[in-house]
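Following: one structure in structure tokens, then a few remarks.
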Amino acid sequence: MTQELLESVRALRIGRPLVVAIDGPSGSGKSSVSKEVARRLRIAYLDTGAMYRALTWHCVTTGIDLEDAAAVEQASRDLVLEVSTSPNEEYVRVDGVDVTDAIREPAISSAVSAVATTLGARTELIRRQRDLIEKHHRRMVVEGRDITTVVAPGAEVRMLLTASEEARLRRRGLQLGGTQNAEELAAQVTHRDAKDSAVVNFTQAASGVVTLDSSDLDFEQTVDAALVIVTKVLNRD
Ligand SMILES: Nc1ncnc2c1ncn2[C@@H]1O[C@H](COP(=O)(O)OP(=O)(O)OP(=O)(O)O)[C@@H](O)[C@H]1O
Ligand SMILES: Nc1ccn([C@H]2C[C@H](O)[C@@H](COP(=O)(O)O)O2)c(=O)n1
């Protein structure tokens with residue numbers, strides 16, 4: 001994307017709301033692409049998956065039974081959570097403890113779906129996500145599974161970032177440095193998506209949501225394509 005086009009989008013939206021909602025399956029590139037889009041647009045960034053992971057870490061660490069929906073819901077309300085909203089700094093803290101790396105451990109990845117499918121906990125985390133968007137004057141790239149449909153259906157730009165299963169498994173394998181075998185990778189990508197799909201639809205674009213298929217694009221090309229979508233949608237409205 002040309003620098004001039006990007007400058008014109010930024011100028012057009014100065015002081016005005018610009019929520020870019022991005023959903024998609026695991027390994028499609030939501031976090032990395034959304035972060036870079038936020039940097040280029042010079043707006044805030046929120047990784048909502050990190051919030052579900054932080055709640056999972058808290059439940060696992062304090063011995064809360066993940067099958068006990070009432071206990072998980074109560075934990076979501078009690079959670080003392082700080083999450084970065086800057087695309088240039090990554091941190092997640094629970095009760096002041098830095099859990100940025102701990103929430104990415106395979107043990108949390110395999111447990112997180114149980115928490116994310118607890119509807120009462122979702123209600124509480126969605127409330128917090130909306131608060132954060134408002135706190136940033138509705139100028140934020142927000143990514144997850146239900147942002148385009150539930151958290152911010154009124155976002156200025158709504159996008160579904162997809163990629164073939166083969167591409168997503170390959171990317172996750174590379175990201176984890178080739179440490180996982182095929183079965184472990186499938187558990188973290190395909191099986192987790194299947195469990196999460198029970199409560200949210202992130203495989204088909206809802207009405208008004210633009211699909212970006214990155215299967216045959218590299219990272220830079222995907223960021224460019226996402227910014228072109230932002231420009232087109234804003235110029236259309
Ligand atoms: N278009 C692309 N081409 C190649 N690699 C990519 C592309 N987009 C993202 N990646 C890489 O794929 C890996 C997974 O991306 P990322 O963590 O952003 O996915 P995600 O959708 O946020 O996954 P999850 O929902 O499981 O957290 C990262 O290493 C990222 O750099
Ligand atoms: N808006 C969201 C964000 C995430 N989840 C669930 C789905 C995942 O299993 C988990 C962790 O997300 P990730 O870090 O892998 O993007 O949280 C969700 O249900 N809704």
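Counting convention: from 1, in listed order, for ligands and their atoms alike.
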Find all protein N or O atoms under 3.5 angstrom from an N or O atom of ligand 2 and list the pairs with distances, or write 'none'.
unit_1	atom_1	unit_2	atom_2	d
ligand 2	1 (N)	Thr48	OG1	3.0
ligand 2	1 (N)	Arg145	N	3.2
ligand 2	1 (N)	Asp146	OD1	2.8
ligand 2	9 (O)	Arg192	NH1	3.0
ligand 2	9 (O)	Asp196	OD1	3.4
ligand 2	9 (O)	Asp196	OD2	2.6
ligand 2	14 (O)	Arg53	NE	2.7
ligand 2	15 (O)	Arg53	NH2	3.2
ligand 2	15 (O)	Arg145	NH2	3.4
ligand 2	15 (O)	Arg192	NH1	2.8
ligand 2	15 (O)	Arg192	NH2	3.4
ligand 2	16 (O)	Arg145	NH1	2.9
ligand 2	19 (O)	Arg122	NH1	2.7
ligand 2	19 (O)	Arg122	NH2	3.3
ligand 2	20 (N)	Arg122	NH2	3.1

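A donor-acceptor contact shorter than 3.5 Å links the side chain of Asp193 to the backbone of Ser26. A donor-acceptor contact shorter than 3.5 Å links the side chain of Gln221 to the backbone of Asp218. Between the side chain of Arg192 and the main chain of Ser113, no donor-acceptor pair closer than 3.5 Å is present.
Ion pair Arg130/Glu134 not flagged as a salt bridge, since none of the NZ, NE, NH1 or NH2 atoms sits closer than 4.0 Å to an Asp/Glu carboxylate oxygen. For Arg236 and Glu156, the salt-bridge test fails: no basic side-chain N is under 4.0 Å from an acidic carboxylate O. Electrostatic pairing of Asp131 and Arg127 counts as a salt bridge here, judged by a charged N lying under 4.0 Å from a carboxylate O.
Applying the salt bridge (Lys or Arg N to Asp or Glu O under 4.0 Å) rule to Asp101 yields no partners; only residues at least two apart in sequence or on another chain are considered. Applying the side-chain contact (heavy atoms from CB on, under 4.5 Å) test to Ala121 and every residue at least two apart in sequence or in another chain returns Leu55, Val72, Ser76, Thr118.
Around ligand 1 you find Pro25, Ser26, Gly27, Ser28, Gly29, Lys30, Ser31, Ser32, Arg145, Arg171, Arg172, Gln175, Arg192, Leu217, Asp218, Phe219, Thr222, each with a heavy-atom distance below 4.0 Å.
Checking Asn201 against Thr203 by side-chain atom types alone, a donor-acceptor pair falls below 3.5 Å.
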